[in-house]
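The block underneath contains the structure these notes are about, expressed in C-alpha cells.
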Amino acid sequence: MFSRVLKPVAGVAVQNGAKNFSTTSQKNFKVVVAGAAGGIGQPLALLLKQNPLVTRLALYDIAPVTPGVGVDLSHMDTPAKVSGHKGPEELPAAIKDADVVVIPAGVPRKPGMTRDDLFNTNASIVRDIAASIAQNAPKAIVAIITNPVNSMVPIASEVLKKAGVYDPARVLGVTTLDVVRAAAFIGEINGVDPRSVTIPVIGGHSGVTIIPVLSQSQPAVKLSDQAKIKALTERIQEAGTEVR
Ligand SMILES: NC(=O)C1=CN([C@@H]2O[C@H](COP(=O)(O)OP(=O)(O)OC[C@H]3O[C@@H](n4cnc5c(N)ncnc54)[C@H](O)[C@@H]3O)[C@@H](O)[C@H]2O)C=CC1
Ligand SMILES: O=C([O-])CC(=O)C(=O)O
C-alpha cells in the first residue's frame, strides 16, 4: 500500500520544492504509523520496514502489545530503526521530527455499520494525533487511513489550521484501495493482468463519493451493457462492505 501512497506524495513534494521522495537526495525518512498494532497498522509497518528510504520507523498505538510489535519488527534485517510507543504520553516522542505520519488508528466497522457510524469514536482519535503532529512535526506529510476518511481529513486539516501549520498539499486521505479494487475487477472482466489496468477513481472513500471513471480505463472495460457497467461501478463503491 505504501508504495502506492508514496507515488502521489512524491509528486506533491516535488511541486512544492519540499523534500523530494523521487530522487536519492534524501534517504533518511522518519515514518510514523499511528495505530500500528491493528489489522492495518501491523502489515503496513512490516512493509515500511522493508522500504530502504525509511531509516526510522516509529510505531504508536494505545494497545499493550505495541512495544512487542516494535521489538518483533526491529529483528528484521533491514536498515530502518524501529521504536515502539504505547499510550498518549509516548505520542510526542513517536511523532517528533517525522517526515510522514500514516494514521490507521481507530475502530473499524462491524457488519451492518457504515463508515459514518465510526465518526464519533474516530474523530477525537484523529484530532489528538493531528494536534501532536502540529506540535512535534508540523511539516510532516499526513496520510489518513482511519474511516470515515471523507470526514477525518477535514478534522485533521482544521486542527493543523488552528495551529497555523496547515499545508493542503501535505494532508492526504488514503483512497488507493478504491483504485486497486477497480483495477482488480476490470482485470478480471477483461481477462488481463490487473497490473496492466490504469483506471482513475476520483472523489472520496465512501459509497457514492467513490467515482470510478470507467470511460477512462486503459484498456477499455469490455462491457457494453449499461446495467453491467452500473453494477461494476456499484461493486467498486461497495467493495469495502464485501470484506466486512
Ligand atoms: N482508508 C482505507 O482504505 C481503509 C481504512 N480502514 C480504516 O482503518 C482503521 C483501522 O482499521 P483496522 O486496522 O482494521 O482496525 P483495528 O481495530 O485492527 O486496529 C486499529 C488500531 O488502532 C488502535 N487505536 C485505537 N485508538 C487509538 C488511539 N487513540 N491512538 C492510537 N491508536 C489507537 C487500536 O489499538 C488498534 O491497534 C478503521 O477506521 C478502518 O475503517 C480500513 C481499511 C481500509
Ligand atoms: O470498508 C471499510 O470499512 C474499510 C475500508 O475503508 C475499505 O475496505 O475500503
Side-chain angles (χ1 to χ4, degrees), residues 1-5 8-9 32-48 58-70 72-73 83-95 98 101-133 136 142-156 159 171-185 201 203-212 234-244:
M1 173 166 63
F2 190 69
S3 62
R4 297 261 197 158
V5 171
V9 167
V32 180
V33 180
I40 302 292
Q42 287 206 37
L44 175 62
L46 179 72
L47 291 171
L48 287 165
L59 306 181
Y60 171 73
D61 204 296
I62 55 168
V65 73
T66 309
V69 172
D72 195 15
L73 268 194
S83 54
H85 307 263
K86 180 175 64 94
E89 61 290 348
E90 295 186 21
L91 179 58
I95 302 276
V101 183
V102 193
I103 309 178
V107 293
R109 55 181 172 143
K110 295 190 175 70
M113 290 172 92
T114 69
R115 293 184 182 87
D116 284 348
D117 294 331
L118 306 173
F119 180 87
N120 285 342
T121 311
N122 288 349
S124 56
I125 295 172
V126 169
R127 177 200 62 199
D128 293 349
I129 294 168
S132 187
I133 294 168
N136 297 293
V142 183
I144 301 173
I145 297 174
T146 307
N147 273 314
V149 170
N150 292 4
S151 309
M152 295 303 117
V153 172
I155 285 177
V159 170
V171 184
L172 315 170
V174 178
T175 64
T176 315
L177 198 44
D178 303 317
V179 180
V180 170
R181 284 171 171 151
F185 301 161
V201 181
H205 182 62
S206 184
V208 292
T209 71
I210 299 170
I211 303 167
E234 288 170 359
R235 184 175 180 211
I236 295 164
Q237 290 173 329
E238 294 305 326
T241 309
E242 271 183 28
V243 184
R244 300 303 109 200

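Position 1 is the first residue of the sequence, and the numbers go up from there. Predicted, not measured: the structure shown is a model, and the values here were computed from it. For ligands, and for the atoms within them, numbers begin at 1 and follow the listed sequence.
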Q. Do ligand 1 and G39 have nitrogen or oxygen atoms that lie under 3.5 Å from each other?
A. yes
Q) Does R109 reach ligand 1 with a nitrogen or oxygen that is under 3.5 Å from one of the ligand's nitrogen or oxygen atoms? A) no
(Q) Counting only nitrogen or oxygen atoms and a 3.5 angstrom limit, does P108 reach ligand 1? (A) no
Q: Would you confirm whether E238, through its side chain, and E234, through its main-chain N or O, come within 3.5 Å as a donor-acceptor pair?
A: no
(Q) Any non-hydrogen side-chain atom of T146 less than 4.5 Å from a side-chain atom of I129? (A) no
(Q) Does ligand 1 come near enough to L177 that some N or O of the ligand is less than 3.5 Å from an N or O of the residue? (A) no
Q | pair T175-V201: side-chain heavy atoms closer than 4.5 Å | A | no
(Q) By the definition side chain to side chain contact (heavy atoms under 4.5 Å, CB included), identify the one residue from L118, T209, V153 that meets it with P148. (A) L118
**Q.** Per-ligand residue contacts, ligand 2, heavy-atom threshold under 4.0 Å
**A.** R109, R115, N147, L177, R181, H205, G240, R244
Q. Do I144 and ligand 1 have an N or O pair less than 3.5 Å apart?
A. no
Q. Should I210 and R181 count as side-chain neighbours, where that means a heavy-atom distance under 4.5 Å?
A. no
Q: For I40, counting its heavy atoms only, list the atoms of ligand 1 lying under 4.0 Å from any of them.
A: 11 (O), 12 (P), 13 (O), 14 (O), 42 (C), 43 (C)
Q: Using a 4.0 Å heavy-atom threshold (strictly under), name the region of R115 that reaches ligand 1: side chain, backbone, both or neither.
A: neither
Q) Is V149 close to ligand 1, meaning an N/O of one under 3.5 Å from an N/O of the other? A) no
**Q.** Element-labelled atoms of ligand 1 that are located less than 4.0 Å from some non-hydrogen atom of V107
**A.** 38 (C), 39 (O)
Q. Rounded to the nearest 0.5 Å, how far does CD1 of I145 lie from NE2 of H205?
A. 9.5 Å
Q. Are any of the heavy atoms in A34 under 4.0 Å away from ligand 1?
A. no
Q) Given A63, G106, G35, which has its nearest heavy atom closest to atom 24 (N) of ligand 1? A) G106
Q: Go through the steps for V32 and I133 under the test side chain to side chain contact (heavy atoms under 4.5 Å, CB included), then give the verdict.
A: CA-CA 10 Å; V32 180; I133 294 168; over 6 Å; no
Q.
If I apply the N/O under 3.5 Å rule, does A105 come out as touching ligand 1?
A. no
Q) Would a 4.5 Å heavy-atom cut-off, applied to side chains only, mark V69 and D61 as touching? A) no
**Q.** Separation between CD1 of I40 and CD of Q42, rounded to the nearest 0.5 Å
**A.** 11.0 Å
Q.
Show the atoms of ligand 1 that are less than 4.0 angstrom away from any heavy atom in V174.
A. 1 (N), 2 (C), 3 (O)
Q: For residues P88 and Y60, determine if any side-chain heavy atom of one lies less than 4.5 Å from a side-chain heavy atom of the other.
A: yes
(Q) Consider side-chain hydrogen bond (donor to acceptor under 3.5 Å, both in side chains). Of N147, T241, T114, D117, which one does R109 pass it with? (A) T241
Q: Return a yes/no value for N147: is any of its N or O atoms, backbone included, closer than 3.5 angstrom to an N or O of ligand 1?
A: yes
Q | Contact partition for N122 relative to ligand 1, non-hydrogen atoms under 4.0 Å | A | side chain
Q.
What's the separation between atom OG in S206 and atom CG in D178, rounded to the nearest 0.5 Å?
A. 9.5 Å
**Q.** Distance (rounded to the nearest 0.5 Å) between L172 CG and I103 CD1
**A.** 10.5 Å
